[in-house]
Amino acid sequence: MGLACHIAKIHSESSVSKNAREIKEYIEEIYWGSRKRVLLLGHSKGGVDSAAALSLYWPQLKDKVAGLVLAQSPYGGSPVASDILREGQLGDYVRLRKIMEILVSKVLKGDLQALEDLTYEKRKEFLQQHPLPLEVPIVSFHTEASITPSVLTALSHVAHLELPIAADGNSTRIPVVMPLSAAMAACSQLLVARYGEMSDGLVTRKDAEVPGSVVVRPERKLDHAWMVYSSVKEEPGDQADTSQVCEALLTLLVEVAQKRRHEMAMKDE
């Protein structure tokens with residue numbers, strides 16, 4: 001697309017407000033170096049952090065940001081976060097809590113302290129105090145997980161294990177895999193049973209949609225981990241991979257921003 005890609009080196013386990021400030025500073029650094037406006041794409045909590053940066057620092061960023069894509073982001077909050085931290089809910093079931101903690105640390109890239117910012121109570125409070133500026137072009141992308149035999153048996157590549165250097169001077173890297181898709185599917189069914197809400201396993205559809213945004217709801221069943229970890233099994237040739245989906249979302253965002261500018265110009269005339 002002719003875009004230069006930069007990855008903000010933030011720590012997802014940090015608070016939303018801390019990461020928002022770091023993203024704001026990173027946007028300013030990129031803008032002053034290139035004199036080009038920035039498109040933001042944030043997955044999961046990264047989308048929440050990016051949206052918060054625009055909410056908190058819009059006067060400083062309005063001429064530097066062209067739009068925002070939130071991919072599978074708990075913009076309205078996460079039932080998983082609320083249930084883990086709320087007394088009398090999932091947090092009281094030790095084994096289930098442990099499973100949720102693993103999902104949070106491996107997929108949401110956070111810890112229980114960062115989780116508090118994603119509870120419904122905290123998100124409602126934040127959004128009331130710091131709403132997103134209406135003029136920001138926004139695309140919301142979210143998916144649903146499903147339980148199928150292939151999902152339940154799939155293993156996801158989550159890390160590499162580096163073995164000691166061998167006699168030939170080379171180290172050996174062994175892929176570390178775990179059944180993330182199966183865990184996501186099971187969690188999705190739990191959320192349907194508890195709340196009657198479809199989700200990707202961690203974020204419900206309604207919580208991932210930013211009010212007033214252009215919403216993308218793919219028919220393909222994809223869980224929350226899909227955009228984070230590549231599957232050990234190669235993607236089918238007729239299915240888009242994560243990089244293609246991100247490119248499509250950014251392309252759509254550019255179109256939305258251009259349409260928004262055109263509408264504003266016509267209104268001014």
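Distance check, rounded to the nearest 0.5 Å: CG of L61 to CD of E25 gives 10.5 Å. Here CG of N19 is found 4.0 Å from CG of D49. Values are rounded to the nearest 0.5 Å. The OG atom of S213 sits 13.0 Å away from the CZ atom of F141 when rounded to the nearest 0.5 Å. Note that CG of D117 is 10.0 Å distant from CD of E125, once rounded to the nearest 0.5 Å. Rounded to the nearest 0.5 angstrom, I138 CD1 and L132 CG are separated by 4.5 Å. Distance CD/E121 to CD/E116: 9.5 Å, rounded to 0.5 Å.
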Test W226 against K221 for side chain to side chain contact (heavy atoms under 4.5 Å, CB included), laying out the working first. CA-CA 10 Å; W226 178 77; K221 300 297 184 181; over 6 Å; no
Between D223 and T143, is the side chain to side chain contact (heavy atoms under 4.5 Å, CB included) condition met? List the steps. CA-CA 7 Å; D223 61 46; T143 61; over 6 Å; no
Hey, mind stepping through I27 and V65 against side chain to side chain contact (heavy atoms under 4.5 Å, CB included) and telling me if it holds? CA-CA 8 Å; I27 291 171; V65 174; 3.9 Å; yes
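Every residue was checked against the salt bridge (charged side-chain N to carboxylate O under 4.0 Å, His left out) condition with E197, not counting sequence neighbours, and none meets it. Applying the ring-ring contact (aromatic ring centres under 6.0 Å, His included) test to F126 and every residue at least two apart in sequence or in another chain returns H130. Qualifying side chain to side chain contact (heavy atoms under 4.5 Å, CB included) partners for S188, counting only residues two or more places apart in sequence or in other chains: A145, S199. Listed by chain and number, the residues in a side chain to side chain contact (heavy atoms under 4.5 Å, CB included) with L127 are Y75, R123 (sequence neighbours excluded). In this structure S17 satisfies the side chain to side chain contact (heavy atoms under 4.5 Å, CB included) test together with S15, sequence neighbours excluded. Applying the side-chain hydrogen bond (donor to acceptor under 3.5 Å, both in side chains) criterion to K124, with sequence neighbours excluded, gives no partner residue.
Minimum heavy-atom separation, P79 to Y120: CD-OH, 3.2 Å. Considering all non-hydrogen atoms of both residues, P133 and S55 come closest at CD-CA, 4.2 Å. Considering all non-hydrogen atoms of both residues, A66 and P137 come closest at O-CG, 3.4 Å. Across all their heavy atoms, S50 and L68 have their closest contact at CB-CD1, 3.8 Å. When all heavy atoms of M227 and T242 are compared, the closest pair comes out as CA-CG2, 3.7 Å. The minimum heavy-atom distance linking V203 with S73 is given by the pair CG1-O, 3.8 Å.
There is no path of hydrophobic side-chain contacts, each under 4.5 Å, that joins V256 to V210. When the side chains of ILVMFWY residues are joined at heavy-atom separations under 4.5 Å, either directly or via intervening members, V48 and V136 end up in two distinct hydrophobic clusters. Linking Ile, Leu, Val, Met, Phe, Trp and Tyr whenever their side-chain heavy atoms come within less than 4.5 Å puts V254 and V69 in one cluster. Placement of L3 and Y31 in two distinct hydrophobic clusters is found when ILVMFWY residues are connected by side-chain heavy-atom separations under 4.5 Å, directly or transitively. Two different hydrophobic clusters hold V216 and L70 under the rule that ILVMFWY side chains link at heavy-atom gaps under 4.5 Å.
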Side chains of residues 32-41: which donor-acceptor partners sit under 3.5 Å, not counting sequence neighbours?
residue : atom : partner : partner atom : Å
S34     : OG   : I30     : O            : 2.9
S34     : OG   : K36     : N            : 3.2

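In the hydrophobic clustering (ILVMFWY side chains linked at under 4.5 Å, chained through shared members), L134 stands by itself. Alongside M198, the hydrophobic cluster contains V192 (criterion: ILVMFWY side chains under 4.5 Å).
Within the structure, no pair that satisfies the salt bridge (Lys or Arg N to Asp or Glu O under 4.0 Å) test touches residues 243-265, not counting sequence neighbours. Sorted by first and then second residue, the salt bridge (Lys or Arg N to Asp or Glu O under 4.0 Å) pairs with a member in residues 200-211 read E144-R205, E209-R217; sequence neighbours excluded. The stretch residues 57-68 participates, sequence neighbours left out, in these side-chain hydrogen bond (donor to acceptor under 3.5 Å, both in side chains) pairs: W58-E135.
In this structure the side chain of L118 reaches within 4.5 angstrom of the side chain of K45, judged on heavy atoms.
Proximity of the aromatic rings of H43 and H224 is defined here by a centroid distance below 6.0 angstrom, and this criterion is met.
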